[in-house]
**Student:** 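Below is one structure. I have some questions about it.
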There are 2 protein chains.
Amino acid sequence: MHSFQQSSDAILRKHGYRLTPQRHMILNVIQEAQGHLSIDQIMERVQQQNPCVSLSTVYRTLELLKSVDLIRESHLPDAQPLYEIADGQAHHHLICRRCHVTIHLDETLLGDLHEQLQTQYGFHHLSLELVAAGYCDNCWHTLQQELAQDNIDPQPTLDIVSQD
Amino acid sequence: MHSFQQSSDAILRKHGYRLTPQRHMILNVIQEAQGHLSIDQIMERVQQQNPCVSLSTVYRTLELLKSVDLIRESHLPDAQPLYEIADGQAHHHLICRRCHVTIHLDETLLGDLHEQLQTQYGFHHLSLELVAAGYCDNCWHTLQQELAQDNIDPQPTLDIVSQD
DNA sequence: GTTCGTGCAAATACTTTGCAAGTCG
DNA sequence: CGACTTGCAAAGTATTTGCACGAAC
């Protein structure tokens, strides 16, 4: 992924920062992950490569990479902040509140909303992030069953008591 | 706002919880705020009414109100979590990254995306939240000027040094 | 040599928990 | 009485900061 390294370096330099080994490693870890990583996960994977890297560096680096738009931070419900490579201007998630399966939705999902908001409200340099949270079909059915259970339970329990 | 109190109470009871004075106060504070409130802001306003209410209660109550969908928690960029009354199934924000002005966008913004996702992915009980972050027109122009400044600055500064 | 980055340890901030006492049904 | 709540203090976590040393420009 030579072009990725090149552009990271260029972007950092444009802002007066350097692409240090640590920053490079952290970017790589995030790049290689299929989905999003929490701070802890990033820390863990970085330390596998070099155990000396400190947590403060991870915090500082994520902050810095965010500030130059190389990565994006998302807050999904009931989760710590997650980090991912910021490759487009939009990114969307569909999440199950129970099993936490996460589906990445296409950037085109919202059509021309991007331009629409920019012209309508005079905003510039917009980035959009949609979070859709609910229950996937599986979990939904499981929940329904649990609910049914709870409603039936009390009665039989009383009967059994009298058997004693 | 009698109907609001009634329904809050009913919803809490349905889940086996009580509408205590503290919970009522916290709901009220959030309800009355025009926009979103952080935990600190909620704490502050609650304490104005009753200084004895403890921070843990605020934390516990927000958690509980979230769990029964009476309030919603949003994470806007570079901000602590914010809380608001959850009155619909969707809620959207347009924020300036510089001055943090926040525009609330209409629930209808995304059209039938809600149903579309539910049928397409088999999800249930979906809630959507869109965060659009960028720069408002004012801040954008200010930034452009600052950028121009920075490019010109270094030269004059050197001249002045020689006056000493 | 000056600025930028890092590791380490300490300091801060944020959030959760245990428990005794109070309230409601 | 038994389940639900709360305030307070303590424990836990998470995040930020100060500083001395090393690397890059």
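Every chain is numbered from 1, with letters handed out A, B, ... down the list of sequences.
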**Student:** Please report the end-to-end axis angle for the helix from C/dG1-D/dC25 to C/dG25-D/dC1, five pairs per end, rounded to 10 degrees.
**Tutor:**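 That helix gives 30° between its end axes.
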
**Student:** Is it the case that the base of C/dG25 and the side chain of B/R13 share a donor-acceptor contact (distance under 3.5 Å, atom types as modelled)?
**Tutor:**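 Result: no qualifying N/O pair found.
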
**Student:** For A/L64 and C/dT3, give me the distance from atom CG to atom C1', rounded to whole Å.
**Tutor:**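 Rounded to whole Å, this separation is 15 Å.
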
**Student:** Any base atoms under 4.0 Å from A/Q22, or only sugar-phosphate, or nothing? Heavy atoms, all strands.
**Tutor:**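 Sugar-phosphate, backbone atoms only, no base.
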
**Student:** Which heavy atom in A/D78 sits nearest to a heavy atom in B/K66, and how many Å separate them?
**Tutor:**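 Shortest heavy-atom separation between A/D78 and B/K66 comes out as OD1-NZ, 4.4 Å.
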
**Student:** Assuming nearest nucleotide by heavy-atom distance, tell me which of B/R18 and B/S56 is located more 5' along DNA chain C.
**Tutor:**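 Closer to the 5' end of DNA chain C: B/S56.
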
**Student:** Can you find a pair of side-chain heavy atoms, one from B/R98 and one from B/W140, that are under 4.5 Å apart?
**Tutor:**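 No - every pair of side-chain heavy atoms lies 4.5 Å or more apart.
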
**Student:** Between A/L55 and B/V53, name the one whose nearest nucleotide on DNA chain D is closer to the 5' end.
**Tutor:**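 Per heavy-atom nearest nucleotide, the more 5' residue is B/V53.
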
**Student:** Does A/T20 have a side-chain nitrogen or oxygen under 4.0 Å from the phosphate oxygens OP1 or OP2 of C/dC4?
**Tutor:**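 No.
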
**Student:** Does A/T57 have a side-chain nitrogen or oxygen under 4.0 Å from the phosphate oxygens OP1 or OP2 of C/dG7?
**Tutor:**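 Answer yes for this pair, as a side-chain N or O of A/T57 is under 4.0 Å from OP1 or OP2.
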
**Student:** Starting at CG of B/D9 and ending at C1' of D/dC4, how long is that distance when rounded to a whole Å?
**Tutor:**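 Answer to the nearest Å: 14 Å.
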
**Student:** Please work out which of the three classes, parallel, tilted or perpendicular, describes the rings of A/H125 and B/Y135, given edges at 30° and 60°.
**Tutor:**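 Geometry flag for A/H125 against B/Y135: tilted rings.
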
**Student:** Under 30°, 30 to 60°, or over 60°: which ring-plane class applies to A/H93 and A/H91, parallel, tilted or perpendicular?
**Tutor:**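 Perpendicular: the ring planes of A/H93 and A/H91 meet at over 60°.
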
**Student:** Is the closest side-chain donor-acceptor distance between B/S127 and A/R97 under 3.5 Å?
**Tutor:**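 Checked: B/S127/A/R97 side chains pair up, N/O donor to acceptor below 3.5 Å.
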
**Student:** What is the distance from CG of A/L19 to P of C/dG5, rounded to the nearest Å?
**Tutor:**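 From A/L19 CG to C/dG5 P: 10 Å.
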
**Student:** Does a side-chain N or O of A/Y59 approach OP1 or OP2 of D/dT15 to a distance below 4.0 Å, or not?
**Tutor:**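 So the side-chain polar atoms of A/Y59 do come within 4.0 Å of the phosphate oxygens OP1 or OP2 of D/dT15, strictly under.
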
**Student:** At under 4.0 Å, does any side-chain N or O of B/R60 touch on OP1 or OP2 of D/dC4?
**Tutor:**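 No, outside the criterion.
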
**Student:** Between B/K66 (NZ) and C/dT15 (P), how many Å, whole number?
**Tutor:**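 In whole Å, C/dT15 P lies 10 Å from B/K66 NZ.
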
**Student:** Classify the side-chain pair B/R60/B/S54 by whether it contains a donor and acceptor separated by less than 3.5 Å.
**Tutor:**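 Not at all, the side chains of B/R60 and B/S54 share no donor-acceptor pair under 3.5 Å.
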
**Student:** Are the side chain of A/Q41 and the backbone N or O of A/S38 linked by a donor-acceptor pair below 3.5 Å?
**Tutor:**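 Confirmed, A/Q41 side chain pairs with A/S38 backbone.
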
**Student:** Going by distance alone, is a donor N or O of one side chain under 3.5 Å from an acceptor N or O of the other, for A/D106 and A/H92?
**Tutor:**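 No.
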
**Student:** What is the separation between atom NE2 on A/H24 and atom P on C/dG5, rounded to the nearest whole Å?
**Tutor:**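 After rounding, the gap between these two atoms is 16 Å.
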
**Student:** Pairing donors with acceptors under 3.5 angstrom, does anything connect the side chains of B/H36 and B/E84?
**Tutor:**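 A donor-acceptor contact under 3.5 Å links the two side chains.
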
**Student:** Just the rounded figure in Å: distance from C1' of D/dT6 to CG of B/L65.
**Tutor:**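 The distance from CG of B/L65 to C1' of D/dT6 comes to 15 Å, rounded to the nearest Å.
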
**Student:** Write down the distance between CG (B/L62) and P (D/dT5), rounded to a whole number of angstrom.
**Tutor:**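 Rounded to the whole Å, the gap is 15 Å.
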
**Student:** Return the 5'-most residue of the pair B/G16, B/C52 with respect to DNA chain D, ranking by each residue's nearest nucleotide.
**Tutor:**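 In this pair, the answer is B/G16.
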
**Student:** By a strict heavy-atom criterion of less than 4.0 Å, which residues belonging to residues 39-51 of chain A are in contact with DNA chain D?
**Tutor:**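 Those residues whose heavy atoms fall under 4.0 Å from DNA chain D, taken from residues 39-51 of chain A, amount to none.
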
**Student:** List the atom of A/L128, the atom of B/L130, and the distance in Å for their closest heavy-atom pair.
**Tutor:**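 Minimum heavy-atom separation between A/L128 and B/L130: CB-CD1, 4.2 Å.
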
**Student:** Does B/R23 place a side-chain N or O at less than 4.0 Å from the phosphate oxygens OP1/OP2 of D/dT5?
**Tutor:**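 Looking at the OP1 and OP2 atoms of D/dT5, one of them is under 4.0 Å from a side-chain N or O of B/R23.
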
**Student:** Nearest whole Å is fine: how far is C/dT15 P from B/E63 CD?
**Tutor:**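 Value for this atom pair: 11 Å.
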
